[in-house]
Colleague: 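Handing you a structure now.
FYI, side chains are in, hydrogens and waters are out, and symmetry mates aren't considered; it's all heavy atoms of this structure.
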Amino acid sequence: MVETKLAGVPAILRIPAHASRAPIVLWHGFGPPADERSLMDALPMDDVPAIKVYLGLPLFGTRAPPGGNQELGRRQAADFAMLLFKPAVEDAAEELPRVITELQRRGCMLPGQRIGLFGYSAGGSAALIALIQGKVTVGTVMLVNASTGLNTSVQALERLTKQPYHWTAASGVLAERTDAVRHAAEIARGNQPPALLIVQGSSDTVLTPKPAIELHDVLQPYFLRQADAPRLKLVLIKGMAHGWVDDSQAADKVRRLTRDWFDGE
């Protein structure tokens, strides 16, 4: 295990004795696990022969702003989209190409290798935005209780706070460019789209199953057209809530699915 920074991004690298697969980059969410170490502890993935790269989202972990959670709460109340979602989620996706370049420089991967991506909740949205942007070659993706973009995250916020979010022109543009459903064609671009596993808890009241099902359904025609249907999969875990790490049964299922998906590709 190596704690480091990759192009300025806090990271923990979990390195197996023999790495036979491309690195897997993992992003945490806004809630537990809410930093790279907590995600590593919950999902060590030692049975997958790849370097695991746990990245910290901007504004979280060692990059938390002065005031910590109080400041995050202020940002959420003032303008969730532009002061929290954009800097923490979209900017995380925009950091990824520099991180990959640094991994190549350090000899952790070869140029052109198709990395793995894992994202939980807001981290799942960062993974989808990275796929939309298409600046990094990705072979395998796993999402767990993921936001499918700013619209979905705002809906979750409104359910939580019971207050409407006040949209602006800027946040509307951000919502459009981060909407995974609207950008399904970009996510499935290329001769062989990335293998994509969408894992969703049936009892998730933060990010309900509806967006996950909608994302799967809108992507399916692209995978069917390219005879890659087995590379797109939706798994609904009965009884799993949004925060899966404290539920031993749910956590075991997520770990098992993660191992099988990344080790099977």
Colleague: What's the shortest heavy-atom distance between Pro194 and Val138, and which atoms?
Modeller: CB-O, 3.5 Å
Colleague: What closest approach, in Å, do Pro209 and Gly201 show between heavy atoms, and which atom pair accounts for it?
Modeller: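 Minimum heavy-atom separation between Pro209 and Gly201: CG-O, 3.6 Å.
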Colleague: Salt bridge or not between Glu186 and Arg189? Use side-chain N to carboxylate O under 4.0 Å.
Modeller: no
Colleague: How many angstroms lie between CG in Asp91 and NZ in Lys86, if you round to the nearest 0.5 Å?
Modeller: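 Between atom CG of Asp91 and atom NZ of Lys86 there are 4.0 Å.
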Colleague: Is a side-chain N or O of Ser121 found less than 3.5 angstrom from the main chain of Gly123, in a donor-acceptor match?
Modeller: no
Colleague: Going from CZ on Phe118 to OG1 on Thr140, what distance comes out if it is rounded to the nearest 0.5 angstrom?
Modeller: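 It is 13.5 Å, given to the nearest 0.5 Å.
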Colleague: Nearest 0.5 Å please: distance from the CG atom of Leu197 over to the CZ atom of Phe262.
Modeller: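 Leu197 CG to Phe262 CZ: 8.0 Å, rounded to 0.5 Å.
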Colleague: Run the side chain to side chain contact (heavy atoms under 4.5 Å, CB included) check on Met1 and Ile15 step by step: do they pass?
Modeller: CA-CA 6 Å; Met1 188 186 75; Ile15 305 172; over 6 Å; no
Colleague: Is there side-chain contact between Glu36 and Leu55, with heavy atoms separated by less than 4.5 Å?
Modeller: no
Colleague: For side chain to side chain contact (heavy atoms under 4.5 Å, CB included), just list the numbers for Lys52 and Leu26, CA-CA rounded to whole Å, side-chain angles, deciding distance to a tenth of an Å, and then say yes or no.
Modeller: CA-CA 7 Å; Lys52 276 70 69 175; Leu26 301 97; 4.0 Å; yes
Colleague: Distance only, no hydrogens: is a donor on one side chain within 3.5 Å (strictly under) of an acceptor on the other, for Asp41 and Ser38?
Modeller: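 No, no side-chain donor-acceptor pair sits under 3.5 Å.
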Colleague: Between the side chains of Arg106 and Thr4, is a donor N or O closer than 3.5 angstrom to an acceptor N or O?
Modeller: yes
Colleague: Going by distance alone, is a donor N or O of one side chain under 3.5 Å from an acceptor N or O of the other, for Ser147 and Ser153?
Modeller: yes
Colleague: Using every non-hydrogen atom in the two residues, find where Pro193 and Phe223 come nearest and quote the distance to one decimal.
Modeller: CG-CE2, 3.7 Å
Colleague: Could you measure the distance from the CG atom of Leu131 to the CG atom of Leu117? Nearest 0.5 Å is fine.
Modeller: 6.0 Å
Colleague: In plain terms, say whether Lys162 and Glu158 are close enough for a salt bridge, that is, a side-chain N and a carboxylate O under 4.0 Å apart.
Modeller: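 Here Lys162 does not pair with Glu158 in a salt bridge, since their nearest N and O are not under 4.0 Å apart.
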Colleague: Going from CD1 on Ile187 to CZ on Arg182, what distance comes out if it is rounded to the nearest 0.5 angstrom?
Modeller: 13.0 Å
Colleague: Does Ile12 reach the side chain of Arg14, with side-chain heavy atoms less than 4.5 Å apart?
Modeller: no
Colleague: Does a donor on one side chain sit under 3.5 Å from an acceptor on the other, for Gln200 and His216?
Modeller: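 Checked: Gln200/His216 side chains show no N/O donor-acceptor pair below 3.5 Å.
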Colleague: Which pair of heavy atoms, one from Glu95 and one from Val9, lies closest together, and at what distance?
Modeller: OE1-CG2, 3.4 Å
Colleague: Please round to the nearest 0.5 Å and tell me the distance separating atom CE of Met40 and atom CG of Leu13.
Modeller: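 Spacing of CE (Met40) from CG (Leu13) equals 11.0 Å.
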Colleague: Would Glu94 and Lys135 pass as an ion pair if we require N to O under 4.0 Å?
Modeller: no
Colleague: How close do Gly112 and Thr137 get, heavy atom to heavy atom, and via which atoms?
Modeller: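 Answer, listing the atom of Gly112 first, then Thr137: O-CG2, 4.3 Å.
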Colleague: For the pair Ile115 and Met109, evaluate side chain to side chain contact (heavy atoms under 4.5 Å, CB included) and give the outcome as yes or no after the intermediate values.
Modeller: CA-CA 9 Å; Ile115 66 163; Met109 63 179 293; 3.5 Å; yes
Colleague: Determine, for Arg75 against Glu71, whether the closest basic-nitrogen to carboxylate-oxygen distance falls under 4.0 angstrom.
Modeller: yes
Colleague: A side-chain contact here means heavy atoms from C-beta on lying under 4.5 Å apart; do Glu3 and Pro10 qualify?
Modeller: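 In short, these two side chains do not touch, never coming nearer than 4.5 Å.
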Colleague: Find out whether Ile237 and Leu257 are in side-chain contact, i.e. whether some heavy atom of one side chain is under 4.5 Å from a heavy atom of the other.
Modeller: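 When only atoms from C-beta onward are counted, Leu257 and Ile237 do touch, with a gap below 4.5 Å.
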Colleague: Can you check side chain to side chain contact (heavy atoms under 4.5 Å, CB included) on Asn145 and Val206, steps first, answer last?
Modeller: CA-CA 9 Å; Asn145 290 347; Val206 178; over 6 Å; no
Colleague: Is Val245 linked to Leu207 within one hydrophobic cluster, defined over Ile, Leu, Val, Met, Phe, Trp and Tyr using a side-chain heavy-atom separation of less than 4.5 Å?
Modeller: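 They do not share one cluster, since no chain of ILVMFWY contacts under 4.5 Å joins Val245 to Leu207.
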Colleague: Does a donor on one side chain and an acceptor on the other come within less than 3.5 Å for Tyr165 and Asp79?
Modeller: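 Yes, a side-chain donor-acceptor pair sits under 3.5 Å.
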Colleague: Looking only at side chains, do Gln155 and Asn151 share a donor and an acceptor under 3.5 Å apart?
Modeller: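 No, no side-chain donor-acceptor contact under 3.5 Å.
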Colleague: Between Arg231 and Leu196, is any pair of side-chain heavy atoms under 4.5 Å apart?
Modeller: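 No, too far: nothing below the 4.5 Å cut-off.
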Colleague: Hey, are the side chains of Arg114 and Gln192 touching, using non-hydrogen atoms and a 4.5 Å cut-off?
Modeller: yes
Colleague: Would you find a donor on one side and an acceptor on the other, under 3.5 Å apart, between the side chain of Tyr54 and the backbone of Pro44?
Modeller: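 The answer is yes, because a donor-acceptor pair under 3.5 Å joins these two groups.
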Colleague: With side chain to side chain donor-acceptor pair (under 3.5 Å) as the test, pick out the partner of His242 among Thr208, Asp204, Thr205.
Modeller: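 Testing each of Thr208, Asp204, Thr205 against His242, the sole residue satisfying side chain to side chain donor-acceptor pair (under 3.5 Å) is Asp204.
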Colleague: So, do Val99 and Glu102 sit near enough that their side-chain heavy atoms are less than 4.5 Å apart?
Modeller: no
Colleague: For Asp46, I'd like to know if atom CG has over 12 heavy atoms of other residues, nucleotides or ligands within 6.0 Å.
Modeller: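 Count over threshold, so yes.
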Colleague: Measure the shortest side-chain to side-chain distance between Val154 and Phe85 over non-hydrogen atoms and say whether it is less than 4.5 angstrom.
Modeller: no
Colleague: Without swapping roles, check the side chain of Arg63 against the backbone of Gly56 for a donor-acceptor pair under 3.5 Å.
Modeller: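 Confirmed, Arg63 side chain pairs with Gly56 backbone.
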Colleague: Going by an N to O cut-off under 4.0 Å, is there a salt bridge joining Asp263 and Arg21?
Modeller: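 Answer for the salt bridge query: yes.
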Colleague: How close do Pro49 and Pro16 get, heavy atom to heavy atom, and via which atoms?
Modeller: C-CG, 4.2 Å
